[in-house]
Amino acid sequence: MARLTRLSRSIAGRTAIVTGAGSGMGRATAHLFADEGANVAVVDLRHGAVATVVTEIDGAGGRARGWTVDVTDSAAVQTLVAEVADEFGGIDIVINNAGVAIPGGATATDDQFEAGWARTIDVNLTAQARLVRAALPHLRRSDAGRIVNIASTEGIIATAGIPAYTASKHGVIGLTKSFAVELGRDGITVNCICPGPINTGMTAGIPDEAKDTYAKRRVPLRRYGDPEEVAHMTLSLTLPAASYTNGAILVVDGGMWLRHT
């Protein structure tokens, strides 16, 4: 029987760059995209983590290649984009997932605050704009160019002691909106995911008991999320069928941001 719908929900054969893909949400996203038939550029600062993820994907029958890149290095990002496009024949999807969280609040020493602020803004915000700009010629040639920027619920609410992280994630939301308006005329969609409490490397140092207490107090679903749950929402924004979703800010936090008490 013929299908009644015409829009594709497949990314098979498309090429995706995933930054911060060595662990956590980035790793889950790389795995999921490979499972769905995409060519995956696994990008991370840690060579060993990159090699591990590529080996995992290859072992499962997927297609991936790894790049060890500091996303704050403009020349390295330009090289990354050129090599990915050459390896896979183009670029259709950019997932800006790489991020850091460096403590340093208002009472930190000047040196600690300045260093943490500069590094956090560069990795979490400037690097996202940098990669989009580098990949833009290839995204324009795609018939379904997709950009997904990973922010955080810190882009909507705030936690004491991490002002650089909070500011950077607010910035990612603003960057997403601006690029969505500018690049929409090229048929490129730009959307944003705001994960809440997720079991990743950033939260690994929190004792399980503390996580459980926090989740039961703040999260309506009463638990931390899994990286794959975020990855599936990321995937949904990159489908060819998601062609009229642009500038969306999608919260994936179990309902945490809604809760007052």
Side-chain angles (χ1 to χ4, degrees), residues 9 11 18-33 35-36 93 95-103 105 120 123-125 128 146-177 180 189-239 241-242 244-261:
R9 294 185 56 81
I11 59 167
V18 183
T19 67
S23 63
M25 293 180 293
R27 175 176 172 270
T29 301
H31 281 182
L32 178 59
F33 277 48
D35 285 347
E36 294 297 318
I93 300 164
I95 309 298
N96 272 312
N97 173 78
V100 295
I102 303 172
T120 300
V123 174
N124 292 3
L125 178 56
Q128 294 200 5
R146 302 285 184 265
I147 299 164
V148 179
N149 298 325
I150 305 301
S152 165
T153 48
E154 284 294 315
I156 300 169
I157 55 177
T159 300
I162 51 171
Y165 185 81
T166 303
S168 71
K169 296 304 184 178
H170 275 72
V172 169
I173 291 175
L175 178 70
T176 299
K177 292 176 179 179
T189 67
V190 190
N191 295 290
C192 181
I193 299 277
C194 291
I198 309 294
N199 284 311
T200 67
M202 282 190 183
T203 61
I206 303 172
D208 288 342
E209 184 178 350
K211 286 182 179 178
D212 188 57
T213 299
Y214 178 85
K216 287 179 177 177
R217 180 172 59 87
R218 290 294 317 279
V219 183
L221 290 182
R222 298 172 67 81
R223 63 177 176 85
Y224 268 52
D226 184 83
E228 187 177 333
E229 293 178 297
V230 180
H232 276 280
M233 298 312 297
T234 302
L235 171 65
S236 71
L237 293 173
T238 67
L239 300 175
Y244 206 58
T245 303
N246 189 35
I249 313 302
L250 181 59
V251 179
V252 184
D253 71 346
M256 183 192 73
W257 80 279
L258 299 170
R259 192 163 185 169
H260 233 353
T261 60

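When a residue number appears, it is its place in the shown sequence, counting from 1.
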Checking the side chain of [X] only, and the main-chain atoms of [Y] only, is there a donor and an acceptor separated by less than 3.5 Å?
| X | Y | answer |
| --- | --- | --- |
| Thr203 | Thr200 | yes |
| Asn97 | Ile150 | no |
| Ser168 | Leu125 | no |
| Asn96 | Thr19 | no |

I need the minimum non-hydrogen distance between [X] and [Y], along with the two atoms involved.
| X | Y | answer |
| --- | --- | --- |
| Ala231 | Thr29 | CB-OG1, 3.6 Å |
| Met256 | Pro197 | SD-CD, 3.7 Å |
| Ala98 | Asn124 | O-OD1, 4.3 Å |
| Glu228 | Asp226 | N-OD2, 2.9 Å |
| Ala242 | Ser236 | CB-O, 3.4 Å |
| Gly99 | Val123 | CA-CG1, 3.9 Å |

Which one of Ile206, Asp253, Asp208, Ile198 satisfies the side chain to side chain contact (heavy atoms under 4.5 Å, CB included) criterion with Tyr224?
-> Ile206

Using a distance-only test with no angle check, is there a side-chain donor-acceptor pair under 3.5 angstrom linking Thr176 and Asn149?
-> yes

Which residues satisfy the side chain to side chain donor-acceptor pair (under 3.5 Å) test with Arg146, sequence neighbours excluded?
-> none

Tell me, yes or no, whether the heavy-atom count around Arg9 atom CZ, taken from other residues, nucleotides or ligands under 6.0 Å, exceeds 12.
->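 Incorrect, the count does not exceed 12.
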
